[in-house]
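Since we're looking at a predicted model, the values are computed, not measured. All heavy atoms count here, side chains included; hydrogens, waters and symmetry mates do not.
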Amino acid sequence: MPAITLPDGSIRQFDGAVTGTTIAAAIGPGLAKAALAMEVDGKLRDLSASISQDAKLRFITRRDPEALEMIRHDCAHVLAEAVQALYPGTQVTIGPSIENGFYYDFARNDPFTPDHFAKIEAKMREIIARNDAFLREEWEREDAIRFFTEKGERYKAELIQDLPKSEIISIYKQGAWTDLCRGPHMRGTGDIGTAFKLMKVAGAYWRGDHRNAMLSRIYGTAWRDQKELDAYLLQLEEAEKRDHRKIGKEMGLFHLQDEAVGSVFWHPKGWRLYRTVEAYMRRRLDIAEYQEVKTPQLVDRKLWEASGHWEKFRENMFVARVEDEDEKDRVLALKPMNCPCHVQIFNQGLRSYRELPLRMAEFGACHRYEPSGALHGIMRVRSFVQDDAHIFCAEEQIADETVRFVALLSSIYRDFGFTEFRVKFSDRPARRAGTDAVWDQAEGALKDACRIAGVEYELNPGEGAFYGPKLEFVLRDAIGRDWQCGTLQVDFVLPERLDAEYVAEDGARRRPVMLHRAILGSFERFLGILIEEHAGRFPLWLAPVQVVVATIVDEAAPFARQAAAALQKAGVAVSLDLRNEKINRKVVDHIDQRVPVLAVIGRREAEEGTIVLRRLPGRDQETLKLADAVALLAAEATPPDLRG
RNA sequence: GCUGUUGUAGCUCAGUGGUAGAGCACUCCCUUGGUAAGGGAGAGGUCGAGAGUUCAAUCCUCUCCAACAGCACCA
């Protein structure tokens, strides 16, 4: 006699086991029509599942967030059925819902291409129109394995084989098509609706392991209705317009070319942006009591052997030799990291505990041979500059330094316009240096430090650096990809390997702990993110060209030159537009170039000693005396850390 | 690195088995115009690289390079 408690607190009694379908019908025809699935005591279930005991129940309708996920999951099933109907011999594997959609991985000799989409989508619409019910069955493990093996579905058979013994093997049928699936599903394929679209194909390794076969993955997106789908597609288009590669080209910030794959050619405007960020960082680091250093690019293999890089990191390093016969056995490598060089500076002379924590900073240019498929605009390159620093400290200083670091990073991110970022805690990787005891110590110290600093993080198992666990500070780009920017890593290994030590209060020699840390991560990546965050329309202090002085007639040119010179003297990044073009044209061009302020000078202004300021892309104008305009713009262009 | 797609003028893109086209940008001329593209003329490309098929290849085939999407990688 189950008593069903509904979200409004009302209770309904039933004689014996009931299904969600029955309950919904008992409540009313509207709900019976709208209910797609249900949540029983917090667990999502098929509407057709039966309930035999007292339970709290909530129906899932199309408006609930769970419904969107189910639409996508069900859509993946329909995709799989469609594909197998059209392309016999294709094996199914897995097909989950993901953010904004779903995918399905297929095993097939000839991978799918976008040319297949139209046909597959049409078949999917057929299946949805048929509105077959999703029927759940629970099978014996051996039966299921036999069934899929006989069908030639060896990936499915393998999945079942590897399911934990406690797992119930559930099978879902839609019409004649059968799949292994945990569920739950909506009532039938018709509940999916028609607001879906196949988006792209990609290779994906079976079980995410590059040693396994590559499957053919089809991505799709699915929504409640056409309006939502259209909105999503529009949002994608808008996001593409923010792409830093596109904006970098349009604004003339940088370029990339084949002769220097993975390295950035910074153009004058891009480099000005870079320098603005660098100068800002330098001021922040000075105040935070970092000491800036500069260390060599090319370093002998011997140091990389000692640090462990030669063993753990060699395939990512650029190695250099010279032609000279006497020197031919000498192997140098371009530094992929700055840490070993910083230890060399630390190791000059005898250090005292009084010098700790010693914060050594470097805008260090690093080279790493990244896999070709990993390169991405200026966000993932082979040559980049880190805002790197290593804090040499005693173990008991780790927490305090972490607190200070997180505060510094947060303040800096805020100044750049990033108010939200995520933190991941990456612990010991499979390929690592140092004993388990040392890793226990390092991970424990970092966790304690996070607790004290009040940092909330998500776990990212096995992704730490080879020498220590790390915190990753993650920012998101325009199309929703996550990028690690800041990082804080606790390292007990390198000081040991490179024999760093200091004299403690009691006169004994001790090993310092090294905290590897970066805030921007790399200038290249951070600037890429920054461009996308602002869509190239930077706050004034960051804009590479802050003001353009544009003339209306040639005779205004002398005063325009004078105005530009005054702005330049006041520290404003200004450029002149004296072209033989109408002012309309100049306005359009500078809006395109994302110039924040246009200063217009015509005959009248030249005579009166004024300029007209227009904030692009807006239309409002204000007329000011030149001196006032200069003072105003100079104040506005002041970096946030230098404001009064 | 793997799978798929793409590579034509500085940029964005069209196009064809018979050695290429548009718009914008660029150069020159006219125009001095008051806040979202003034007018005219001109110049510019071994169609990513190499090999093959063909009487003939930018187009078809193969290899390589690069970019893009995803996977894997990511200190």
Given [options], identify the nucleotide with an atom nearest to the side chain of [X].
X: A:Ala374; options: B:G33, B:C73, B:G70; result: B:C73
X: A:Pro617; options: B:U32, B:A36, B:G4; result: B:A36
X: A:His210; options: B:A36, B:G33, B:A72; result: B:A72

| said: Please check if the number of heavy atoms outside A:Asn109 that lie under 6.0 Å from its CG is greater than 12. | reply: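 No, because the 6.0 Å sphere around CG of A:Asn109 holds 12 heavy atoms or fewer from other groups.
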| request: Give a yes or no on this: more than 12 heavy atoms of other residues, nucleotides or ligands lie within 6.0 Å of atom CG of A:Asp209. | output: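 It does: A:Asp209 CG has more than 12 such atoms within range.
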With a 4.0 Å cut-off on heavy atoms, is [X] in touch with a base, just the backbone sugar-phosphate, or nothing at all?
X: A:Arg382; value: nothing
X: A:Asp554; value: base
X: A:Gln621; value: base
X: A:His516; value: nothing
X: A:Lys249; value: sugar-phosphate
X: A:Glu370; value: base
X: A:Gly618; value: nothing
X: A:Pro371; value: base
X: A:Lys470; value: sugar-phosphate
X: A:Arg619; value: base

Just how far, in rounded Å, is [atom2] of [N] from [atom1] of [X]?
X: A:Tyr467; N: B:C74; atom1: OH; atom2: P; value: 13 Å
X: A:Glu581; N: B:A25; atom1: CD; atom2: C1'; value: 12 Å
X: A:Phe117; N: B:G4; atom1: CZ; atom2: P; value: 13 Å
X: A:Asp115; N: B:U3; atom1: CG; atom2: P; value: 18 Å

Between the base of [N] and the side chain of [X], is there a donor and acceptor pair under 3.5 angstrom?
X: A:Asn584; N: B:U35; result: no
X: A:Arg217; N: B:C71; result: no
X: A:Glu605; N: B:G34; result: yes
X: A:Arg614; N: B:A36; result: yes
X: A:Asp105; N: B:G70; result: no

| said: Counting only heavy atoms and a strict 4.0 angstrom limit, can you tell me which residues of residues 197-209 of chain A come near RNA chain B? | reply: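 Only A:Lys200, A:Val201, A:Ala202, A:Gly203, A:Ala204, A:Tyr205, A:Gly208 qualify.
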For [N], the Watson-Crick or wobble partner whose two distances fall under 3.5 Å:
N: B:U27; result: B:A41
N: B:G18; result: B:C55
N: B:C71; result: B:G1
N: B:G33; result: none

| query | Do A:Lys447 and A:Phe425 have side-chain heavy atoms sitting under 4.5 Å apart? | reply |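 In short, these two side chains touch, coming nearer than 4.5 Å.
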| said: Pick the closest RNA chain B nucleotide for A:Arg380 and for A:Val261 by heavy atoms, then say which residue is nearer the 5' end. | reply: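 In this pair, the answer is A:Val261.
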| query | With nearest nucleotides of RNA chain B determined for A:Tyr219 and A:Ser372 from heavy-atom distances, which residue corresponds to the more 5′ nucleotide? | reply |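 Upstream on the strand: A:Ser372.
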Is the shortest side-chain N/O distance from [X] to OP1 or OP2 of [N] below 4.0 Å?
X: A:Lys246; N: B:C11; result: no
X: A:Arg481; N: B:A69; result: yes
X: A:Arg579; N: B:C26; result: no

| Given the side-chain rings of A:Phe392 and A:His342, with only the six-membered ring counted for Trp, is the space between their centroids under 6.0 Å? |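 No - the distance between ring centres of A:Phe392 and A:His342 does not fall below the 6.0 Å cut-off.
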| field | Exercise: identify the closest heavy-atom pair between A:Thr93 and A:Ala107 | value |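 Heavy atoms of A:Thr93 and A:Ala107 come nearest at CG2-N, 4.5 Å.
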| field | Sidechain-backbone polar pair: A:His244 side chain, A:Ile378 backbone, donor-acceptor under 3.5 Å | value |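 At least one qualifying donor-acceptor pair exists.
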